[in-house]
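Side chains are part of it too, since the values below use all heavy atoms of this structure and drop only hydrogens, waters and symmetry mates. Here is how names work: the chains are called A, B, and so on, in the same order as the sequence lines, proteins then strands, and each is numbered from 1. Note that the structure is predicted; figures quoted are calculated from it, not measured.
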Number of protein chains: 2
Amino acid sequence: MSDVAKLAGVSTATVSRTLQNPETVKEETRQKVFKAIKALDYMPNVLARQLRRMETKTILVVVPNIENNVFSQIVGGIDAVANERGYKVLLGNTNHRVEKIYDYIDHFKQRQVDGMIVLLSNLPDPVLQDLANEFPIVVTPDAKATVEVSTVTLDNVESGKRATDHLLKLGHRRIAHISGTLDITSSQDRLQGYQQAIVEGGYFVDHTLIKEGDFTFSSGFEAMSALLNTSVPPTAVFCASDEMAMGAIKSIKSRGLKVPDDIAVVGFDNIKFSEVFEPTLTTMAQPLFQMGKKAMTVLIERINNEALEEQHFIYQAELIVRESCGVIFR
Amino acid sequence: MSDVAKLAGVSTATVSRTLQNPETVKEETRQKVFKAIKALDYMPNVLARQLRRMETKTILVVVPNIENNVFSQIVGGIDAVANERGYKVLLGNTNHRVEKIYDYIDHFKQRQVDGMIVLLSNLPDPVLQDLANEFPIVVTPDAKATVEVSTVTLDNVESGKRATDHLLKLGHRRIAHISGTLDITSSQDRLQGYQQAIVEGGYFVDHTLIKEGDFTFSSGFEAMSALLNTSVPPTAVFCASDEMAMGAIKSIKSRGLKVPDDIAVVGFDNIKFSEVFEPTLTTMAQPLFQMGKKAMTVLIERINNEALEEQHFIYQAELIVRESCGVIFR
DNA sequence: TTGTATGCGTTATCAA
DNA sequence: TTGATAACGCATACAA
């Protein structure tokens, strides 16, 4: 920078100003400085700038598992907005190991990042709360209502309800539910939506028809197998993830039964392969990329102190009707 | 830091030393300093450290599309080693837009990252070469041999050969190939392996049986449909990606033909869904996570100047035999 | 083994 | 509108 200043015949202060607030520098000087910058192929040292300004223009994304498509889609959305707004994205893979997040928390204290987006943390409430009080944080897509922090979520209750409603409308009365791990809010909410739909439809919830899975193919297979082993198996199943829905269908097929003829299935997530699978999956599509974008937008507002209170954005899932649930008869 | 020094009754230099080279500080002093650090809950300001040391302990991963599972698996491997070795991973999504990489190149010049791993860049050779001459860079999993830069790749020729060989061993003689986009080396190599296998088997390459796809489901569908429209369709197909293999199978099924009975199919990648698909896919499994780990390891060596010459690591794919290719008869 | 002093490359404050 | 100068927080050369 001092080289540039020398060549342009000004002080380093003026060079800095030309870069930061061009309008405060006389047109003529500005030209001289820019010419010198080009001549020397000068690039500011961002490290020094960051030290001086105490900001990094970097945000941290804590993700349980980047290899999971649900999360990578959200990260895609975050990254899109980050790029647009001049932020860099630091990846924090926890590999589902909660302790790891404490390492990332240190990033804040060490001033390595300006803000953080937490995907599906299992942080204890008080820890998250303390952190959120001190630093800009957004939680998505699964957040507990018990912590005061900005969130971007899906209306999982409504989504579970709609999925179940769809099956009710198709005439099903014995509808089972294979839930996700019930320690996260999304799973609880989808289950609740399922129950609401049944009650509001005028029927009773049969708890033997509810099985807890863990979002994986094999857990869907196991849960469905258990359901099929009962004396009166369900005629339809609402699964909290597409992967589990596929596992369930595999199980159904393995018994020589057909989907949707014998048992109708609705999934959740609308993963890429849900339209390749046979039968193609009826499912609830989450606007994951969109949610990622929103999370980043909200985070930037908090970093800039534009949003003083925590904000909550709730998205709706879209029912995508395909083969696995059969056709609506009216 | 000066607070810590004061409380411990030493100079800031000693505090710094205690943190950086504990062995150069007297045991007793060390204890005092650590006690003060704990008492004040002190954390070093990494920004300042970075400025002073001119290193960031951060590496940049340029990825065409993080939402693609092939890439996110590699990133998973990179991240694993990075964490272990104290590096952070900055995500650079190009969304397949080559120009974007130039933004990331500026990160180097601005000293924001210590090194870079490029996933499947379409950078012009000279640009990449200049960059690689100046900075620590590793390219994976697709690299051109024309640039002198460290690489971690798959032996795509051998892989294509093995896949095709497998079909030859099953008795097939009219074997088609649906390639990836032929502007990348991996696709060219897999095609070459396919041709080698046929020639070495004592047969002739029929160019009407080679179609170029773009790794997507729909391109596999289209390519297969074209192959089926010829007067003498193939009895087997080797596809350069599982997605294309699934598209191809969909096309085959749509004609009322069966896989593997009428046409055998081999894919590439061993994506998660390949064992869920019906029929389950025979495919070539790339050790993507492993390759990501290796890429990061090699990069660290270059950053530390432990490896002066560029290095090349070549992995072998593993043939995973499932339903889509039928059974070997001996 | 420890302390002093300097500099890393910016930006912000103040005075001119 | 510009320049001189201090400061950001740390690491290190050198002296003690």
Exercise for the section: Determine whether the side chains of B:N69 and A:E67 contain a donor N or O and an acceptor N or O closer than 3.5 Å. Expected result: no
Touch check for [X], heavy atoms < 4.0 angstrom, all strands: base, sugar-phosphate only, or nothing?
{"X": "B:V15", "answer": "nothing"}
{"X": "B:R52", "answer": "base"}
{"X": "B:Q50", "answer": "nothing"}
{"X": "A:M1", "answer": "base"}
{"X": "B:T14", "answer": "sugar-phosphate"}
{"X": "B:V10", "answer": "sugar-phosphate"}
{"X": "A:V25", "answer": "sugar-phosphate"}

Could you name each residue pair satisfying salt bridge (Lys or Arg N to Asp or Glu O under 4.0 Å) that touches [range], not counting sequence neighbours?
{"range": "residues 102-127 of chain B", "value": "B:D125-B:K144"}
{"range": "residues 299-310 of chain B", "value": "none"}
{"range": "residues 31-44 of chain A", "value": "none"}

Problem - Inter- and intrachain pairs under side chain to side chain donor-acceptor pair (under 3.5 Å), touching residues 129-139 of chain A, at least two apart - result: A:Q129-A:N133
Problem - Degree of bending, the helix from C:dT1-D:dA16 to C:dA16-D:dT1 (end axes from five pairs; round to 10°) - result: 40°
Practice task
For A:Q31, check side chain to side chain donor-acceptor pair (under 3.5 Å) against everything at least two apart and list the hits.
Solution key: A:E27
Handout entry: Earlier contact from the 5' end, DNA chain C, for A:R53 and B:S11
Key = B:S11
Handout entry: B:A48 or B:E28, whichever maps to the more 5' nucleotide of DNA chain C
Key = B:E28
Handout entry: Qualifying residues under side chain to side chain contact (heavy atoms under 4.5 Å, CB included), relative to B:K294, sequence neighbours excluded
Key = B:V152, B:V298, B:F313, B:Y315
Exercise for the section: Please find the earliest and latest nucleotides of DNA chain D, in the 5' to 3' direction, that have an atom within less than 4.0 Å of any heavy atom of chain A. Expected result: D:dT1 to D:dG9
Exercise for the section: Identify the 5'-most and 3'-most nucleotides of DNA chain C with at least one atom closer than 4.0 Å to a non-hydrogen atom of chain B. Expected result: C:dT1 to C:dG9
Determine all donor-acceptor pairs shorter than 3.5 Å in which one atom belongs to a side chain in residues 43-51 of chain A; sequence neighbours excluded.
residue: A:N45; atom: OD1; partner: A:L47; partner atom: N; Å: 2.7
residue: A:N45; atom: OD1; partner: A:A48; partner atom: N; Å: 3.1
residue: A:Q50; atom: NE2; partner: A:T56; partner atom: O; Å: 3.2

Practice task
Between B:V46 and A:G9, name the one whose nearest nucleotide on DNA chain D is closer to the 5' end.
Solution key: A:G9
Handout entry: Which residues share a ring pair (Phe, Tyr, Trp, His ring centres under 6.0 Å) with B:F135, sequence neighbours left out
Key = B:F108
Practice task
Mind checking the CZ-OG spacing from B:F215 to B:S187? Nearest 0.5 Å is all I need.
Solution key: 3.5 Å
N/O donor to acceptor pairs below 3.5 angstrom from side-chain atoms of residues 5-12 of chain B, sequence neighbours left out:
residue: B:S11; atom: OG; partner: B:A13; partner atom: N; Å: 3.4
residue: B:S11; atom: OG; partner: B:T14; partner atom: N; Å: 3.3
residue: B:S11; atom: OG; partner: B:T14; partner atom: OG1; Å: 3.4

